[in-house]
Peer 1: 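Got a structure for you, written out below as structure tokens; questions coming shortly.
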Amino acid sequence: MSKEIKKGWKEIPIGGLLLDAGNSREYETGTWRTFKPIHNAEKCINCYFCWEFCPDNSILIKDDKVVGMNYFQCKGCGVCAAVCPTKAIEMVKEEK
Amino acid sequence: MTTKYEALTGAEAAALAMKQINPDVVAVYPITPQTPIVMKFSEYVANGEVDTEMVRVESEHSAMSATVGAAGAGARAMTATAANGLALMWEIVYIAASTRLPIVMGLVNRALSGPINIHCDHSDSMGARDSGWIQIYSENAQEVYDNYFMALRIAEHKDVLLPVMVCQDGFITSHSVENVLPLEDAQVKKFIGKKNFKGLLTSEKPYTIGPLDLQDYYMEHKMQQHDAMKHVIPVIEKIQKEYAETFDRKYEIIEEYRTDDADMVIVGMSSVMGTVKDVIDMMREEGIKVGAVKPRLFRPFPAEKIKNVLSKFKAIIILDRSDSFGSFPPLYGEILASFFAAEKKPYIKSFIHGLGGRDTNVEMIKEVISELQKLRDTGESNFTIDYLGVR
Amino acid sequence: MAVILKNEINKQVPLNGGHRMCPGCPVPVIVKQVLMSTDHPKIVANATGCLEVATTIYPYTSWNVPWIHNAFENAGATISGVVAAYEAMKRSGELPEKNKDAKFIAFGGDGGTYDIGLQSLSGALERGHNFLYVCYDNEGYMNTGIQRSSATPIGANTTTTPVGKKSWGKTQPRKDLLSIVAAHHIPYAASVAPHDYNDSMAKSKKAIEVNGPSFLVYFSPCIPGWKIASDVSFELSKIAVQTCFWPLVEIENGEWSLTGDSKRIAEGKKEKLPIEDFLKTQGRFKHLFKPKLQEDVLKIIQNDIDKSWNFYKKMAGYTD
Ligand SMILES: Cc1ncc(C[n+]2csc(CCOP(=O)(O)OP(=O)(O)O)c2C)c(N)n1
């Protein structure tokens, strides 16, 4: 988890305003996982269903190809594996 | 400068002030005795005399909610209500203050049920005294009118950024016709100036307004509100001074009336102080050295100032237009607290008066003054709380 | 018009990861489908509920679009104020160029929409503000611990309609919110199920771009609330449509129609599955099957489903 230095009242915007859009990208939810999706590029047909249905925005895509998962945030829900038409994603027990 | 008086009710004075402010958004819901503000303002909209986007919401809860949405998006947003309406918007009243939105709301003071009653007392706004709003109380239509412009400046001041309630007494002020000296539109425009606060939902950067704020930061945000309130009094003084210099209308946070040689005073807020001043004039004819002190500001409470003003006197009676059942009436309680650390304290007594629109008449104020004399001379009724004019 | 995902994958998503929605919760996907259905700049208001609390825990926000939360029951009124502010600032010329074309979307749960926020929604619809209201319907007050709402289906076990010796769960059928909304005669309203992203995004796009108020009610399984596994939401979404538990309806300028599998079922091109197929998948209905099959209750539920399905078919012109 990113170590967050808690600021004082003079250092934060008033009214609870958050100025840094989307900064939860820095917040780790990967520690929630008990199962871990493993992407198999050979079986993958790049239909992007996993990308469409991933609730945590954790499917990594490079040059229009699925290349894996963002394990910093993937909660291991298994939706990607469930929607994959070619079984290119396997859920394996997380080693802790 | 206009020198032409207009015959206006307090509600019309409020509507005229709103028209001259020409806010971006007004979201309102009708409730007696606030209705004449809404109706008059609707006419201004219908005749194209304002550029305002008026949202005729389906409840006061939505009135305050839409006002918060509009102010958050960067609009100058206003609303108005009374009593049960304020109670219904309660939750969002707090949210407006915590979100630091410079909203100006007209509050036409009315008894908060029950049994249901449409007439004046301060039980509505006093309930909201800890909501984080600035509260200004107006004695008459002229004060209502002038307070609106100052309220807007106070709310939008960069050191403040808090919402303001401009209170006037239901019916007594809102529906009585008085002579009001308006300003010209251009003067108002110049005085209020351009908005200096950011549109939070229109910025190039997507901000998040109103997050979930838990143990880690909530207290820091409350501290900011606490601190902002500390800036209010100096800001008001500056704005009142500018108003006086620009328009030759002098307002002070605490108004004193015939106190120079007085050894006892009546303290109260809003319309009753008109009657009090008249009765003081009568009693002065009889050689009784009584004066009056009228705080215009209840939140933040000008404790230091009130202490300094009131410590000159031997006896003071505080008129509260609402009760705090089981405790000290609001104004009385604040004044007691203000004096706790003082070395010299006057005798002090409380009267609760005028609930549900009960007329506080000349006879009653005379009675208060005779109580005041007794208090000064004997101190016997020190620290007592009584109802005035109850059977 | 089919959505080509390849065109979507490189766009910025409206909601980042790192939010604290439960694993497998479909609500972030719903947000994505709605907000990515058009390229207009968007301003979002959010009612109190899971989506709001879990995406904006200070000092973090998952939102990449301007976003406001005010309270639980007032997303309709809050967005009204935002729209009004925009209208006024457009006239006064102070709106940044980038925002002129902005669209306004409010999200609320079923509690914040069917129940406590119904008045605020109704007011906003009646006033005709140009905005879309999206209800993600997980059929209960989930954020506060799975209490029943008026969207909770008959027979469901919730923490305020718990199953007991004298209770088989909630005894009342759901409120028909879509019909209530339709009675405002707004230009566009639809029900949506997130597994069918083509249908969802097509409806979202229409809803956002239509002139005037619009409304979507989204089927939205809740992992802990419905007692389901974290990977089944979208499969359940499909079954909900196929059992006619969740008909896909579209109401455009007063014209009702069915879409997706609902259309196919109405036209006899697809089989309508029995409601058990839906109920069996979820722990909240477990008591209807074990320890003993509650046939009478299942019959009540099937009747209720058939009644509402027949109503929608009729409205869509399949029967008279
Ligand atoms: C006026 C008010 N009453 C009650 C609550 C408590 N509360 C917060 S969220 C919530 C449930 C929200 O349910 P729903 O709208 O269905 O959204 P979900 O939690 O399922 O996402 C409740 C009851 C509140 N915040 N405000």
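First the proteins, then the strands, lettered A, B, ... as listed; each starts at 1.
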Peer 1: Is it the case that over 12 heavy atoms from other parts of the model lie below 6.0 angstrom from the NZ atom of K11(C)?
Peer 2: yes
Peer 1: For S59(B), is it the side chain, the backbone, both or neither that has a heavy atom under 4.5 Å from a heavy atom of chain C?
Peer 2: both
Peer 1: Should we count CG of N211(C) as having more than 12 external heavy atoms under 6.0 Å?
Peer 2: no
Peer 1: Measuring heavy-atom distances to chain C, does T99(B) have an atom under 4.5 Å in its side chain, in its backbone, in both, or in neither?
Peer 2: neither
Peer 1: Only one of D213(B), T208(B), I209(B) clears side-chain contact (heavy atoms from CB on, under 4.5 Å) with T56(C); which?
Peer 2: T208(B)
Peer 1: Counting heavy-atom pairs under 4.5 Å with chain C, which one of L214(B), T67(B), D51(B), V57(B) comes out on top?
Peer 2: V57(B)
Peer 1: With a 4.5 angstrom heavy-atom cut-off, which part of N64(C) approaches chain B: side chain, backbone, both or neither?
Peer 2: backbone
Peer 1: Mind listing the closest non-hydrogen atom pair of A85(C) and A70(B) along with its distance?
Peer 2: CB-O, 3.6 Å
Peer 1: Determine the option with the most heavy-atom pairs under 4.5 angstrom with chain B, choosing from S122(C), S80(C), S120(C).
Peer 2: S120(C)
Peer 1: Between V65(C) and chain B, which part of the residue has a heavy atom less than 4.5 Å away: side chain, backbone, both or neither?
Peer 2: backbone
Peer 1: So with a 6.0 Å cut-off around NZ of K189(B), is the heavy-atom count from everything else above 12?
Peer 2: no
Peer 1: Look up atom OH in Y58(C) and atom CG in L212(B), then write down how far apart they are to the nearest 0.5 Å.
Peer 2: 12.5 Å
Peer 1: Count the heavy-atom pairs under 4.5 Å between each of A71(B), G69(B), G72(B) and chain C, then report the option with the highest count.
Peer 2: G69(B)
Peer 1: Taking atom CE as the centre, does M39(B) end up with more than 12 heavy-atom neighbours from other residues, nucleotides or ligands that are less than 6.0 angstrom away?
Peer 2: yes
Peer 1: If you count heavy-atom pairs under 4.5 Å with chain C, which of K205(B), R56(B), M64(B), R76(B) comes out on top?
Peer 2: R56(B)
Peer 1: Let me know if I68(C) has heavy atoms under 4.5 Å from chain B in its side chain, its backbone, both or neither.
Peer 2: both
Peer 1: Should V55(B) and H129(C) be marked as a side-chain contact (heavy atoms from CB on, under 4.5 Å) after you check the CA-CA gap, both sets of side-chain angles, and the distance that decides it?
Peer 2: CA-CA 10 Å; V55(B) 191; H129(C) 302 286; 3.8 Å; yes
Peer 1: Walk me through whether E91(B) and E73(C) qualify under side-chain contact (heavy atoms from CB on, under 4.5 Å).
Peer 2: CA-CA 10 Å; E91(B) 178 193 24; E73(C) 64 286 52; 2.6 Å; yes
Peer 1: Need one label for E94(C): side chain, backbone, both or neither, based on atoms under 4.5 Å from any heavy atom in chain B.
Peer 2: side chain
Peer 1: Report which part of L201(B) has an atom under 4.5 Å of a heavy atom belonging to chain C: side chain, backbone, both, or neither.
Peer 2: both
Peer 1: Quick check for you: among R127(C), M89(C), E52(C), K98(C), which has the greatest number of heavy-atom pairs under 4.5 Å with chain B?
Peer 2: R127(C)
Peer 1: I'd like to know which of V53(C), V83(C), T61(C), N70(C) tops the heavy-atom pair count under 4.5 Å against chain B.
Peer 2: N70(C)
Peer 1: To the nearest 0.5 Å, what is the distance between CZ on R91(C) and CG on D24(B)?
Peer 2: 9.0 Å
Peer 1: Using non-hydrogen atoms and a 4.5 Å limit, figure out which bit of I57(C) sits close to chain B: side chain, backbone, both or neither.
Peer 2: both
Peer 1: Could you state the interatomic distance from CD (E58(B)) to CD (E126(C)), rounded to the nearest 0.5 Å?
Peer 2: 9.0 Å
Peer 1: Tell me the closest heavy-atom pair linking P206(B) and P66(C), and the distance in Å.
Peer 2: CB-N, 3.3 Å
Peer 1: Does a sphere of radius 6.0 Å around NZ in K190(B) hold more than 12 heavy atoms from other residues, nucleotides or ligands, not counting ones at 6.0 Å or beyond?
Peer 2: no
Peer 1: Let me confirm one number: the OG-CD distance from S92(C) to E53(B), rounded to the nearest 0.5 Å.
Peer 2: 11.0 Å
Peer 1: Closest approach of H69(C) and G210(B), non-hydrogen atoms and distance?
Peer 2: ND1-O, 2.9 Å
